[in-house]
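Below you'll find the structure, written out as structure tokens, and then a few comments.
For the numbers below, each heavy atom of this structure counts, side chains included, while hydrogens, waters and symmetry mates do not. Fair warning: this is a prediction, and the values are worked out from it, not measured in the lab.
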Amino acid sequence: MTQEKSKLFKQRLFRIHIAAGAIFSIFMYIAIFFGVFAILLPYIQTWEKPSRHIQTNDIFNINYNSMIDEVLKDENFPKDNIIVNLPGRMNDPAVVISHRFSKEIAFNPRTNKKLENETKEQSNLAHFLNELHYGTPLKVIGLIIFGFVAVGTMVLLITGIILISLFKFKNKGKNAQAIFSKIHVKIFTWLFVPLFLITASGAVMNIGLISSKPMSKLLTHSKANSIDEVVGKVLFAQNKHIKKQNIKASMLPIKDLLKEAKKINPQLTFKQIKLVNWNDKNARVEITGYNPYKPFLNGGIFNRPTITLDATNKKLIKNQKTMDKVWPVFVAESLFFLHFLFGIDIFSRILIAIFMCLCAVAIGFGILLYLEKKAKKFEGKITFYHFLGKFSQASMIGIIPATATLFLFQWLLPFDLENRVLWQKGIFYNVWLFTLFWSFYRLNSYKASKEFFFTGGVLFLLSAIFHILNSNFSINELSTFTTVLNVDIVLFIFALFLIYISFKLPKNRQQAKYFWIQNKKGEK
């Protein structure tokens, strides 16, 4: 009786895993696909804007004061609590001066001249890819859907680990179904912990932030309308307001204040400066940084190490260190760090991006495993034509040429075109929708997949070429903009990889039967 119950439990758990996988996998694949681009967001947003095609500069050798004076000539620009984003913040090579009630003004740190800062209506590629990652284009509905998809993926990961412990997968099969299963199981076994943690943080952000408003009202009996009002004093401790003395004073060069701050805390990498009571005798600068030696604990939203100096004499007013906060702040910061990857270097970002790509591959093989089992029922009878197969093909492979159009039209459309970003998004959605139509039109799914891979490869290749042609810079000049040229190189390599896959994949089901077996023998 016990053996029968155990067998029944395994069967039910296996069916739950399959059913949940069929529902959540495609949407999770989309989230991961765009998540890879979100990981590389700082580099894409530099590549997409002509104004950011400038050389980087040492933050300690820039004449910030002249830029601030230029901005303050505008009588409409606020004169207090001015924010100065230093070169290197989010990989932006420009000095960006802003205020919460005013538009950003960007400067070239080498020439101190204003840049033609592109608006969101002119260029929004990186942020749009990031929005697609967590469902923002669908507003609240999208956030809820992707939030529950993250929860469903966590269920899949847990049930998958339980199934692996219950069943002894020998992985000795020689057919396509066995190979799909092996790849799916192996990758998720290796990457279970990082994927689970990242997915959990995504679920908390999507569902948690949406539910924070009603929960705040419930906990405070409708006295608070947002989570900030409930825990804001703990997570967002505010400095006391410093009154102006209304005595004009000479401000020290900001670069000298940065050097002084570096002496006080040499571990920090400085990202941003807040100017308080600027040009007043009571003026001070709040220099915010990131401590790379304490990742997960600082540099993001809740815990930002800050050094406050007197702007007239470099006197230290406050040194807010990384570990000076309370533990709830560290918990919140760690949660958001898992998703936003504050402050980490390019090599760490690439490593995480590779992990996510492998997870996307594992999801793809999981869907293939499910479809292969379905296809076997119709073997030799009729052409296998499954709705989920066609939908997943458009969602998981058709998404590649659709995304490639975003990169291509970033440099194909004139930057002075009215509603430029709207046109770009419209083309993307229509191409993606067309891949769904084409998936159903093509009886041969293998041929359609080859066409999608090839088209995506060509479009990504053209996007790199058109960027070089339309950026008004030569290859030699672009080589001085390391980040920009590196994005072109990555696009070029990725394009060739997609084209290679398009030629390598089998043309039909008969070839597919031997394709995976031949590769399996080749490994031996």
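- Side-chain N or O atoms of N419 include none that pairs as donor or acceptor with a backbone N or O of L422 at under 3.5 Å.
- More than 12 non-hydrogen atoms from other residues, nucleotides or ligands lie less than 6.0 angstrom from CG of L8.
- Although no hydrogens or angles enter the test, the distance criterion places a donor-acceptor pair under 3.5 Å between the side chain of Q424 and the main chain of L406.
- Between the side chain of K450 and the main chain of L505, a donor-acceptor pair closer than 3.5 Å is present.
- Within a 6.0 Å radius of CZ in F492, no more than 12 heavy atoms belonging to other residues, nucleotides or ligands are found.
- When the options F440, W438, W432, F434 are evaluated for a side-chain contact (heavy atoms from CB on, under 4.5 Å) with L436, the one that passes is F440.
- With rounding to the nearest 0.5 Å, the separation of CG in N444 from CD in E451 is 8.5 Å.
- Here the two rings, on F407 and F460, have centers that are under 6.0 Å apart.
- Residues D92 and P87 form no side-chain contact, since every pair of their non-hydrogen atoms from C-beta on lies 4.5 Å or further apart.
- For the pair K325 and E333, the salt-bridge criterion is not met [side-chain N within less than 4.0 Å of a carboxylate O].
- At a threshold of 4.5 Å between non-hydrogen side-chain atoms, the residues I400 and F452 do not count as touching.
- S181 places no side-chain N or O within donor-acceptor distance of the main-chain N or O of A178, the cut-off being under 3.5 Å.
- Below 30°, between 30° and 60°, or above 60°: for F336 and F340 the angle between ring planes is below 30°, a parallel geometry.
- Ring geometry for F296 versus F337: interplanar angle of 30 to 60°, hence tilted.
- For the pair D345/S348, a side-chain contact is recorded, criterion being any heavy-atom separation below 4.5 Å from C-beta on.
- Checking side-chain atoms of Q177 against main-chain N and O of E372 turns up no donor-acceptor pair under 3.5 Å.
- To the nearest 0.5 Å, atom CG of residue L433 and atom CZ of residue F428 are 11.0 Å apart.
- A side chain to side chain donor-acceptor pair (under 3.5 Å) with W47 holds for exactly one of N486, T483, D488; it is D488.
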How far apart are the C-alpha atoms of M396 and I367, what are their side-chain angles, what is the distance that settles it, and do they pass the side chain to side chain contact (heavy atoms under 4.5 Å, CB included) test? CA-CA 10 Å; M396 303 170 78; I367 293 292; 4.1 Å; yes
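- No donor-acceptor pair under 3.5 Å is formed between the side chain of Q393 and the backbone N or O of G389.
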Between H17 and L13, is the side chain to side chain contact (heavy atoms under 4.5 Å, CB included) condition met? List the steps. CA-CA 6 Å; H17 185 79; L13 187 64; 5.9 Å; no
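- Less than 6.0 angstrom separates the ring centroid of F180 from the ring centroid of F365.
- The two atoms that bring G21 and S25 nearest to each other are O-OG, 2.6 Å, heavy atoms only.
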Could you walk me through whether L156 and F24 pass the side chain to side chain contact (heavy atoms under 4.5 Å, CB included) check? CA-CA 9 Å; L156 279 170; F24 295 113; 4.2 Å; yes
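- Here the CD1 atom belonging to I26 is positioned 11.0 Å from the CD1 atom belonging to I399, to the nearest 0.5 angstrom.
- Not less than 6.0 angstrom separates the ring centroid of F330 from the ring centroid of F302.
- Of the candidates L498, L408, T435, P401 forms a side-chain contact (heavy atoms from CB on, under 4.5 Å) with just one, namely T435.
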Carefully, step by step, assess R52 and N91 under the rule side chain to side chain donor-acceptor pair (under 3.5 Å). CA-CA 10 Å; R52 297 313 193 259; N91 206 60; over 6 Å; no
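- Rounded to the nearest 0.5 Å, atoms CG (L197) and NE2 (H339) are 12.0 Å apart.
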Show me the donor-acceptor pairs within less than 3.5 Å that the side chains of residues 349-363 make with the rest of the protein, sequence neighbours left out.
| residue | atom | partner | partner atom | Å |
| --- | --- | --- | --- | --- |
| R349 | NH1 | I39 | O | 2.6 |
| R349 | NH2 | L341 | O | 3.0 |

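- In this structure, a donor-acceptor pair under 3.5 Å is present between the side chains of Q410 and S123.
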After noting the C-alpha distance and the side-chain angles of Y500 and F497, does the key distance pass the ring pair (Phe, Tyr, Trp, His ring centres under 6.0 Å) rule? CA-CA 5 Å; Y500 171 77; F497 176 69; 7.2 Å; no
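- With no hydrogens or angles considered, no side-chain donor-acceptor pair links N291 and R304 at under 3.5 Å.
- Two residues are said to be in side-chain contact when any heavy atoms from C-beta on lie closer than 4.5 Å; V326 and V329 meet this criterion.
- H184 meets the ring-ring contact (aromatic ring centres under 6.0 Å, His included) test with F188; sequence neighbours excluded.
- Between the OH atom of Y293 and the CG atom of L268 there is a distance of 10.5 Å, given to the nearest 0.5 Å.
- Note: H53 and W411 have tilted aromatic rings, judged against thresholds of 30 and 60 degrees for the angle between ring planes.
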Decide yes or no on side chain to side chain contact (heavy atoms under 4.5 Å, CB included) for V484 and T46, but give the supporting numbers first. CA-CA 7 Å; V484 176; T46 302; 4.0 Å; yes
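- The backbone N or O of F415 sits less than 3.5 Å from a side-chain atom of Q122, completing a donor-acceptor pair.
- The two atoms that bring N130 and A38 nearest to each other are OD1-CB, 3.3 Å, heavy atoms only.
- Contacts of F192 classified as side-chain contact (heavy atoms from CB on, under 4.5 Å), with partners at least two apart in sequence or in another chain: L157, I161, F196.
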